[in-house]
Amino acid sequence: MQPFHALVIGASSTIAQAAINQFEEDSDCFGVYAISRSVQGKLKEGKTHWIECDNSEMRIREVCQHLKASSGTITKVLICNGILHNEDMMPEKKLEDINAMQLEATFYANTVVPMLWLSQLLPVLKGNEATQVALLSARIGSISDNKSGGWYSYRASKAALNMLIKTSSIEYARRGKNVKLIAFHPGTTDTPLSKPFQHSVPEGKLFTAEFVANQLLSIMETVTMDNEAAFLDWNNQAIDW
Ligand SMILES: NC(=O)c1ccc[n+]([C@@H]2O[C@H](COP(=O)([O-])OP(=O)(O)OC[C@H]3O[C@@H](n4cnc5c(N)ncnc54)[C@H](OP(=O)(O)O)[C@@H]3O)[C@@H](O)[C@H]2O)c1
């Protein structure tokens with residue numbers, strides 16, 4: 001494999017951290033840019049450079065401007081931002097649970113932030129090298145697969161993310177031909193995000209972040225570079241949009 005730099009956004013996510021650890025071990029990986037809302041003095045760890053970013057449009061633009069110096073060498077990108085619940089909200093079970101605060105907060109973290117990054121990254125990513133961008137989505141964002149309802153904000157925010165990925169792939173095909181966009185479903189993974197719901201996960205179906213990161217990085221290595229967005233699960237199976 002060609003030596004490369006990795007870019008990991010939402011880098012304090014449990015799945016992101018597991019991927020960063022694997023990049024650290026990979027001798028083909030020259031360096032990792034890890035973007036997080038809080039870097040808590042970590043700045044440089046191994047070959048990982050931490051960059052603080054509040055995900056505002058202005059700051060994303062500044063960070064992408066900085067990353068342009070490594071343009072052509074950043075060929076693996078993970079965008080991991082996402083929320084499902086916090087101290088003020090849990091996924092909605094019924095229509096009466098719907099509220100503007102939850103819809104807005106969930107769409108902001110799950111849809112707006114990843115899309116702001118994707119929109120600003122084009123100059124950093126376009127070039128001659130095959131480049132894969134994985135955006136952490138979820139099977140629950142599949143409109144055709146929605147049989148059980150509920151979880152309105154999260155479900156809709158991931159469906160909207162998927163639409164933005166698909167739409168971006170059409171423009172990237174013209175303006176960043178060597179970039180493959182992947183909406184990735186990690187499966188239920190043992191992280192703070194899934195913690196309150198892990199009791200209902202069937203035996204053997206709760207994955208470690210290490211397993212999921214390993215699956216994702218091997219999928220990125222072998223994925224077909226066809227200028228089309230893919231919606232793939234942890235087992236490299238296509239999910240219907
Ligand atoms: N765990 C699962 O079972 C599962 C299943 C399906 C899909 N996913 C998806 O996988 C991705 C990673 O999740 P995870 O399980 O690793 O969760 P996690 O450990 O809770 O990490 C989520 C990350 O999202 C970023 N984030 C949180 N709130 C945010 C906000 N308000 N605005 C912008 N960014 C925010 C944070 O990154 P920084 O603090 O570093 O900026 C945080 O570390 C998410 O998109 C999630 O929806 C997870």
Side-chain angles (χ1 to χ4, degrees), residues 7-22 32-43 45 48-57 59-60 63 77-91 101-118 133-142 145 151 153-162 164-165 182-202 204-216 219 231-235 239:
L7 169 63
V8 181
I9 299 164
S12 70
S13 122
T14 317
I15 295 172
Q17 291 278 350
I20 290 171
N21 291 342
Q22 293 182 29
V32 182
Y33 297 104
I35 316 290
S36 181
R37 292 168 304 161
S38 166
V39 301
Q40 291 169 342
K42 6 193 200 197
L43 296 183
E45 281 177 343
T48 302
H49 301 261
W50 286 85
I51 301 172
E52 194 161 273
C53 180
D54 61 6
N55 296 310
S56 63
E57 282 179 63
R59 185 72 189 119
I60 290 176
V63 173
V77 181
L78 272 56
I79 304 183
C80 299
N81 306 75
I83 53 168
L84 173 58
H85 59 88
N86 61 27
E87 53 285 357
D88 300 319
M89 62 187 206
M90 288 299 276
M101 181 278 295
Q102 180 156 357
L103 279 164
E104 284 171 12
T106 310
F107 267 77
Y108 192 77
N110 295 5
T111 317
V112 175
V113 167
M115 189 58 210
L116 288 177
W117 279 102
L118 198 52
V133 181
L135 297 103
L136 276 280
S137 181
R139 188 185 300 278
I140 199 172
S142 162
D145 189 57
W151 291 32
S153 302
Y154 187 76
R155 194 186 276 287
S157 69
K158 293 296 190 182
L161 173 67
N162 287 352
L164 291 168
I165 293 170
I182 304 168
F184 179 69
H185 168 62
T188 309
T189 309
D190 186 7
T191 74
L193 184 138
S194 69
K195 215 35 127 209
F197 315 100
Q198 291 180 0
H199 56 272
S200 57
V201 179
K205 289 288 184 201
L206 179 64
F207 301 139
T208 64
E210 291 68 30
F211 169 77
V212 167
N214 192 48
Q215 293 294 108
L216 173 56
I219 289 169
F231 186 14
L232 299 174
D233 73 6
W234 56 274
N235 199 25
I239 302 172

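Both backbone and side-chain heavy atoms feed into the values below; hydrogens, waters and symmetry mates do not. All ligand and atom numbering here is 1-based and tracks the order in the structure.
- Set against the non-hydrogen atoms of S137, the atoms of ligand 1 under 4.0 Å away are 6 (C), 7 (C), 8 (N), 9 (C).
- Near G10, with a cut-off below 4.0 Å to any heavy atom, the atoms of ligand 1 are 37 (O), 38 (P), 40 (O), 41 (O).
- Residue S12 approaches ligand 1 through these ligand atoms, each under 4.0 Å from one of its heavy atoms: 37 (O), 38 (P), 39 (O), 40 (O), 43 (O).
- Counting protein heavy atoms only, atom 21 (O) of ligand 1 is closest to S13 CB, 3.1 Å.
- T106 and Q102 are not linked by any side-chain donor-acceptor pair at a separation below 3.5 angstrom, with hydrogens and angles left out of the test.
- The protein non-hydrogen atom at the shortest distance from atom 17 (O) of ligand 1 is L193 CB, 3.6 Å.
- The contact set between ligand 1 and A11, taken as ligand atoms under 4.0 Å from a residue heavy atom, comprises 40 (O).
- In summary, the atoms of ligand 1 found under 4.0 Å from a heavy atom of S36, numbered by their order in the structure, are 38 (P), 39 (O), 40 (O), 41 (O).
- Protein heavy atom at the shortest distance from atom 28 (N) of ligand 1 is I83 CG2, 3.1 Å.
- Taking atom 32 (N) of ligand 1 as the reference point, the nearest protein heavy-atom neighbour is A109 CB, 3.7 Å.
- Across every non-hydrogen atom of P114 and A109, the tightest pair is CD-O, 3.4 Å.
- Of the protein's non-hydrogen atoms, the one nearest atom 27 (C) of ligand 1 is R37 NH2, 3.3 Å.
- In terms of protein heavy-atom proximity, atom 3 (O) of ligand 1 is closest to T189 N, 2.8 Å.
- The closest side-chain heavy-atom distance from W117 to V77 is not below 4.5 Å.
- Residues I165 and F231 form no side-chain contact, since every pair of their non-hydrogen atoms from C-beta on lies 4.5 Å or further apart.
- In this structure, F184 and I219 have side chains that are in contact, with non-hydrogen atoms separated by less than 4.5 Å.
- At least one heavy atom of G187 sits less than 4.0 Å from an atom of ligand 1.
- Between T14 and ligand 1, a contact under 3.5 Å exists for at least one N or O pair.
- For the pair Q215/F207, no side-chain contact is recorded, criterion being any heavy-atom separation below 4.5 Å from C-beta on.
- Contacts with ligand 1 closer than 4.0 Å are made by heavy atoms of both the backbone and the side chain of N81.
- Contacts between P186 and ligand 1, counted as non-hydrogen atom pairs separated by less than 4.0 Å, involve the side chain only.
- Interatomic distance, Q198 CD to L206 CG, rounded to the nearest 0.5 Å: 4.5 Å.
- Within ligand 1, counting atoms from 1 as listed, the ones closer than 4.0 Å to a heavy atom of L136 are 10 (O), 11 (C), 45 (O).
- Against a heavy-atom cut-off of under 4.0 Å, N55 is close to the following atoms of ligand 1: 33 (C).
- Residue contacts with ligand 1 include Y154, since one or more of its heavy atoms lies under 4.0 Å from the ligand.
- Using a cutoff of 4.0 Å between basic side-chain nitrogens and carboxylate oxygens, R139 and D145 are not scored as salt-bridged.
- Rounding to the nearest 0.5 Å gives a distance of 13.0 Å between OG of S157 and CD of E104.
- Atoms CD1 and CZ, from I15 and F211 in turn, are 11.5 Å apart once rounded to the nearest 0.5 Å.
- Atom-to-atom distance recorded for I79:CD1 and L7:CG is 7.5 Å, nearest 0.5 angstrom.
- Against a heavy-atom cut-off of under 4.0 Å, S194 is close to the following atoms of ligand 1: 3 (O).
- The closest non-hydrogen atom to atom 12 (C) of ligand 1, taken over A213, G82, C80, comes from C80.
- The protein heavy-atom contact nearest to atom 14 (P) of ligand 1 is T191 OG1, 3.7 Å.
- Going from atom CG of N21 over to atom CD of Q17 covers 6.5 Å, rounded to the nearest 0.5 Å.
- Taken from OG in S137 to CG in L232, the straight-line distance is 10.5 Å, to the nearest 0.5 Å.
- Remark: distances from the non-hydrogen atoms of K158 to ligand 1 include one below 4.0 Å.
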